S.K.: 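Below: one structure in structure tokens.
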Number of protein chains: 2
Amino acid sequence: MEKTGLLQKEPGAKEPGPARTWRELGLKLTPQRLAILEYLDGNTAHPAAEEIFAALSGRFPGLSLATVYNTLAILRDRGRLLELTIDPSKRRYDPQVKPHHHLICLSCKRIADIEHTFALEIPGALRMGYEITGNQIEFYGLCPDCKKRAKRTGGGGHVHRP
Amino acid sequence: MEKTGLLQKEPGAKEPGPARTWRELGLKLTPQRLAILEYLDGNTAHPAAEEIFAALSGRFPGLSLATVYNTLAILRDRGRLLELTIDPSKRRYDPQVKPHHHLICLSCKRIADIEHTFALEIPGALRMGYEITGNQIEFYGLCPDCKKRAKRTGGGGHVHRP
DNA sequence: ATAAATGCAAAGCATTTGCAGTAAA
DNA sequence: TTTACTGCAAATGCTTTGCATTTAT
């Protein structure tokens with residue numbers, strides 16, 4: 001089932017499906033790439049390259065991490081995948097490319113999507129002559145699980161994030 | 001001159017100034033650390049470790065990058081410095097720890113601060129039981145300089161960011 | 001047949017760590 | 001004097017690159 005459009009045709013492609021689209025770009029749709037596309041499509045876990053690799057290397061013995069990175073870079077460059085920089089130590093990928101926001105649990109680092117549009121207008125005096133084209137909000141908080149755990153253990157670690 | 005409080009006492013410290021504060025924590029205020037504090041205080045350029053190192057290594061021949069990282073980690077852990085993950089390839093630091101937002105030029109990557117509070121309420125249906133404690137907004141756009149340049153060269157590169 | 005993609009290994013960076021010497025306190 | 005900090009170099013971890021071989025088209 002189709003969830004984020006990753007397996008559908010690209011905006012400019014003449015025919016539907018990923019195979020034709022890739023072919024028209026002079027790119028080849030290999031089994032590895034198709035597996036990555038399928039793994040990512042509709043995935044809301046915001047996986048990093050390593051996790052994608054781990055999830056697929058069972059089915060593809062000898063799959064290379066370089067191939068995963070290669071495919072992710074192509075998808076990202078074509079705007080079919082968002083590269084999240086939320087995690088300072090590794091890049092995470094999000095197949096949901098429609099503008100949306102993130103809700104990050106300060107304790108377990110889980111990232112949830114918020115599909116909602118907020119009307120944000122920067123006061124002119126603060127806009128400094130910039131032309132604003134978009135925004136991306138990170139909400140911080142505690143997920144239900146960690147809220148429960150915090151109550152049980154009474155308190156917890158300090159985190160310096162909004 | 002004092003700008004972001006980095007040279008002032010910590011919330012819990014009994015005496016003013018950075019020296020006493022560090023001493024009370026069992027930490028030593030070395031010339032290197034003081035130089036880093038002074039460089040960062042009021043700095044709105046969101047520098048990375050390497051840039052701080054480059055700026056100070058003239059005055060401190062033999063200054064170590066490890067010392068810069070060490071000091072940044074201490075300040076970050078004590079909540080006196082924000083570690084920005086906006087740039088996927090290196091961490092940037094912001095001495096402004098009061099909640100604020102960022103305005104990023106998609107072309108030159110310059111980061112400006114937006115000191116303004118936006119009232120953001122996530123619709124209950126989308127809140128998924130999370131307890132929200134804060135938010136951080138990244139605005140994307142073009143700075144005045146790049147806007148001018150784009151007009152001159154007619155168009156420019158594509159960037160897949162909001 | 002022809003390009004492009006693959007896997008592997010090596011290289012590249014940013015960041016961290018280990019440690020003997022140095023300097024705040 | 002004591003203990004933390006320093007610089008250096010080595011190590012780590014994520015990501016990228018080079019290249020000979022394989023594979024989609």
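Everything numeric here is computed off the predicted structure, so don't read it as measured data. Just so we're on the same page: letters track the sequence lines, and every chain starts at 1.
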S.K.: Need to verify one output field. Residue with the more 5' nearest nucleotide on DNA chain D, A:Arg92 or B:Phe60?
M.R.: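 Closer to the 5' end of DNA chain D: B:Phe60.
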S.K.: Which part of the nucleic acid, if any, lies within reach of A:Glu50 when heavy atoms closer than 4.0 Å are counted: base, sugar-phosphate only, or nothing?
M.R.: nothing
S.K.: Consider the side chain of B:Asn70, meaning its heavy atoms from C-beta on, and name the nucleotide among D:dA4, D:dT6, D:dT15 that approaches it most closely.
M.R.: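 Shortest atom-to-atom distance from the side chain points to D:dT6.
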S.K.: Can you check the A:Leu65 CG to D:dT17 P distance for me, whole Å?
M.R.: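 One finds 14 Å between P of D:dT17 and CG of A:Leu65, rounded.
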S.K.: Would you mind reading off the distance between B:Phe53 atom CZ and C:dC13 atom C1', rounded to a whole angstrom?
M.R.: 15 Å
S.K.: Show your working on side chain to side chain contact (heavy atoms under 4.5 Å, CB included) between A:His102 and A:Gln136 and close with a plain yes or no.
M.R.: CA-CA 8 Å; A:His102 291 114; A:Gln136 217 276 304; 3.3 Å; yes
S.K.: Nearest of C:dC8, D:dT3, C:dA5 to any side-chain atom of B:Lys28?
M.R.: D:dT3
S.K.: Do any side-chain nitrogens or oxygens of B:Ser89 fall under 4.0 Å of OP1 or OP2 in C:dA14?
M.R.: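 The answer is no; no side-chain N or O of B:Ser89 sits under 4.0 Å from OP1 or OP2.
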S.K.: Could you tell me if B:Asp113 and B:His46 have a donor-acceptor pair between their side chains, going purely by distance under 3.5 Å?
M.R.: yes
S.K.: Checking all strands, does B:Pro61 fall into the base, sugar-phosphate, or nothing category for heavy-atom contacts under 4.0 angstrom?
M.R.: nothing
S.K.: I want to confirm an ordering. Mapping A:Ile74 and B:Ala73 to their closest nucleotides on DNA chain C, which one lands closer to the 5' end?
M.R.: A:Ile74
S.K.: D:dC8, C:dA14, C:dT6: which one has an atom nearest the side-chain heavy atoms of B:Lys90?
M.R.: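 It is C:dA14.
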S.K.: With a cut-off of less than 4.0 Å, is there a side-chain N or O of B:Gln32 near OP1 or OP2 of C:dA23?
M.R.: no
S.K.: Check the distance between D:dT6's P and B:Leu72's CG and give it to me in whole angstrom.
M.R.: 12 Å
S.K.: Given that B:Pro31 and B:Ala49 both sit by DNA chain C, which one's nearest nucleotide is further toward the 5' end?
M.R.: B:Ala49
S.K.: Apply the test salt bridge (charged side-chain N to carboxylate O under 4.0 Å, His left out) to residues B:Glu51 and B:Arg92: give CA-CA distance (whole Å), side-chain angles for both, the deciding distance (0.1 Å), then the verdict.
M.R.: CA-CA 10 Å; B:Glu51 298 165 56; B:Arg92 305 192 154 280; 3.1 Å; yes
S.K.: Check whether any side-chain N or O of B:Thr30 sits under 4.0 Å from OP1 or OP2 of D:dT6, and answer yes or no.
M.R.: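 For D:dT6, OP1 or OP2 has a side-chain N or O of B:Thr30 closer than 4.0 Å.
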S.K.: Taking only N and O in the side chain of B:Arg91, is any of them less than 4.0 Å away from OP1 or OP2 of D:dC14?
M.R.: no
S.K.: Using atom CG of A:Leu34 as one end and atom P of C:dT6 as the other, report the distance to the nearest whole Å.
M.R.: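 So the two atoms are 12 Å apart, to the nearest Å.
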S.K.: C:dT6, D:dT16, D:dG7: which one has an atom nearest the side-chain heavy atoms of A:Arg33?
M.R.: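 That would be C:dT6.
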S.K.: Send over the distance from B:Leu29 CG to D:dA4 C1', rounded to a whole Å.
M.R.: 13 Å
S.K.: Is the shortest side-chain N/O distance from A:Tyr69 to OP1 or OP2 of D:dT15 below 4.0 Å?
M.R.: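 Looking at the OP1 and OP2 atoms of D:dT15, one of them is under 4.0 Å from a side-chain N or O of A:Tyr69.
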S.K.: Rounded to whole angstrom units, what separation is found between the CZ atom of A:Arg76 and the P atom of D:dT16?
M.R.: 7 Å
S.K.: Run the side-chain hydrogen bond (donor to acceptor under 3.5 Å, both in side chains) test on A:Asn135 and B:His101 for me, step by step, so that the C-alpha distance in whole Å, both residues' side-chain angles and the decisive distance to 0.1 Å come before the verdict.
M.R.: CA-CA 10 Å; A:Asn135 64 70; B:His101 308 287; over 6 Å; no
S.K.: Decide yes or no on salt bridge (charged side-chain N to carboxylate O under 4.0 Å, His left out) for B:Glu121 and B:Arg127, but give the supporting numbers first.
M.R.: CA-CA 9 Å; B:Glu121 183 78 16; B:Arg127 217 177 298 138; 3.5 Å; yes
S.K.: Okay, side chain of B:Arg76, backbone of B:Leu81: is any donor-acceptor separation there less than 3.5 Å?
M.R.: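 Absent.
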S.K.: Expressed in angstrom and rounded to an integer, what is the separation of A:Asp87 atom CG from D:dC14 atom P?
M.R.: 10 Å
S.K.: Can you tell me the distance, in whole Å, between the CG atom of A:Leu75 and the P atom of C:dA5?
M.R.: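 Rounded to whole Å, this separation is 12 Å.
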